[in-house]
Amino acid sequence: MFKLSSISGFLLGLLATTALALPVTPTAVQPASAARLQTVQVFFPKNPPQNNDLGYVEPVLRRTQSTGVAQFAVSQVIVGPNRQERQRGFIAPIRLQGTSNCSGRDFTLSIASGTARLQFCRQVISAGVGDDARITSSLNATLKQFPTVRSVVLLDREGRCLGDMSGENLCLRR
């Protein structure tokens with residue numbers, strides 16, 4: 001904790017007053033380079049001590065100037081943890097392979113009526129239920145941080161429910 005001296009308090013007040021007097025450019029006219037920097041959480045699997053929960057995830061913070069923060073967050077889940085995060089025990093939940101069937105993109109994302117619909121455009125590699133749990137948990141937690149998302153539907157590149165071994169596409173019945 002720090003203490004403000006009367007001089008630094010005066011200077012801080014002067015700066016705040018000066019900032020209020022400056023002309024403000026409307027947001028709609030600001031150049032893209034002046035976009036506001038936002039912080040989002042990206043959830044990755046991590047093996048905590050004495051936890052056998054395959055769907056366990058923890059957040060890391062990422063910053064972006066993108067107006068499509070949900071798309072940015074999903075793209076960061078796909079990129080995976082950086083070197084420092086890997087050293088802290090975080091692992092990448094998703095591996096994609098093959099060519100995209102969406103003009104080179106890795107996924108498409110739409111949000112309507114509280115549901116985020118995420119469809120992958122490349123093949124999602126999964127070694128079974130453990131991988132499926134990590135993928136689902138990472139993406140659910142990452143997308144549900146946004147107030148417009150209450151539920152998440154995950155689809156593979158063919159439009160089938162990701163990880164649904166029944167073949168009944170149960171995620172589409174929500």
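By the neighbour-count criterion of 12 heavy atoms within 6.0 Å, atom CZ of Arg117 is sparsely surrounded, having that number or fewer from other residues, nucleotides or ligands.
Between Gln145 and Val40 there is a side-chain heavy-atom pair separated by less than 4.5 Å. In this structure, the side chains of Val152 and Lys144 come closer than 4.5 Å at one or more pairs of heavy atoms. For the pair Leu155/Phe120, no side-chain contact is recorded, criterion being any heavy-atom separation below 4.5 Å from C-beta on. In this structure, the side chains of Cys102 and Phe107 stay at 4.5 Å or more apart for every pair of heavy atoms.
One finds the OG atom of Ser138 at 11.0 Å from the CD1 atom of Ile78 (value rounded to the nearest 0.5 Å). The structure places CZ of Arg88 at 8.0 Å from CD of Glu58, a figure rounded to the nearest 0.5 Å. In this structure, CG in Leu61 is found 6.5 Å from OG1 in Thr39, a value given to the nearest 0.5 Å. To the nearest 0.5 Å, atom CG of residue Asn101 and atom OG of residue Ser103 are 9.0 Å apart. Distance CD/Gln71 to CG/Leu109: 5.0 Å, rounded to 0.5 Å. To the nearest 0.5 Å, the span separating OG on Ser66 from CG on Leu37 amounts to 11.0 Å.
For the pair Asp156 (side chain) and Leu162 (backbone), a donor-acceptor distance under 3.5 Å is absent. When atom types are taken as modelled, the side chain of Arg173 and the backbone of Leu170 share no donor-acceptor pair closer than 3.5 angstrom. Side-chain atoms of Thr142 do not come within 3.5 Å of backbone N or O of Leu139 as any donor-acceptor pair. Side chain of Asn82 to main chain of Glu85: a donor-acceptor pair is present (N/O by atom type, distance under 3.5 Å, no hydrogens or angles).
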- Task: Show your working on side-chain contact (heavy atoms from CB on, under 4.5 Å) between Cys121 and Thr108 and close with a plain yes or no.
- Result: CA-CA 7 Å; Cys121 301; Thr108 61; 4.0 Å; yes
- Query: For Ser75 and Asp106, what are the C-alpha separation, side-chain angles and deciding distance, and is it a side-chain contact (heavy atoms from CB on, under 4.5 Å)?
  - Reply: CA-CA 8 Å; Ser75 71; Asp106 286 335; over 6 Å; no
- Task: Go through Val77 and Ile94 one step at a time and tell me if the side-chain contact (heavy atoms from CB on, under 4.5 Å) criterion holds.
- Result: CA-CA 7 Å; Val77 172; Ile94 301 172; 3.7 Å; yes
- Check the pair Phe146, Val69 against side-chain contact (heavy atoms from CB on, under 4.5 Å), reporting the backbone distance first and the verdict last. CA-CA 9 Å; Phe146 302 109; Val69 289; 3.6 Å; yes
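Listed here is the closest heavy atom pair of Arg62 and Phe72: CB-CE2, 3.8 Å. Closest heavy-atom contact between Pro59 and Phe90: O-CZ, 4.4 Å. When all heavy atoms of Arg134 and Asp131 are compared, the pair lying nearest together is NH2-OD1, 3.0 Å. In terms of heavy-atom proximity, Arg157 sits nearest to Gln123 at CD-N, 3.7 Å. Here the closest heavy-atom approach between residue Ala92 and residue Gly80 is recorded as CB-CA, 4.3 Å. Nearest heavy atom pair, residue Arg105 against residue Arg122, reads O-CG, 4.4 Å.
Among Asn169, Leu118, Thr115, the one residue that satisfies the side chain to side chain contact (heavy atoms under 4.5 Å, CB included) test with Val153 is Thr115.
The other residues sharing a hydrophobic cluster with Phe43 are Val57, where clustering joins ILVMFWY side chains under 4.5 Å apart.
With sequence neighbours left out, the side chain to side chain donor-acceptor pair (under 3.5 Å) criterion links Glu158 to Arg160.
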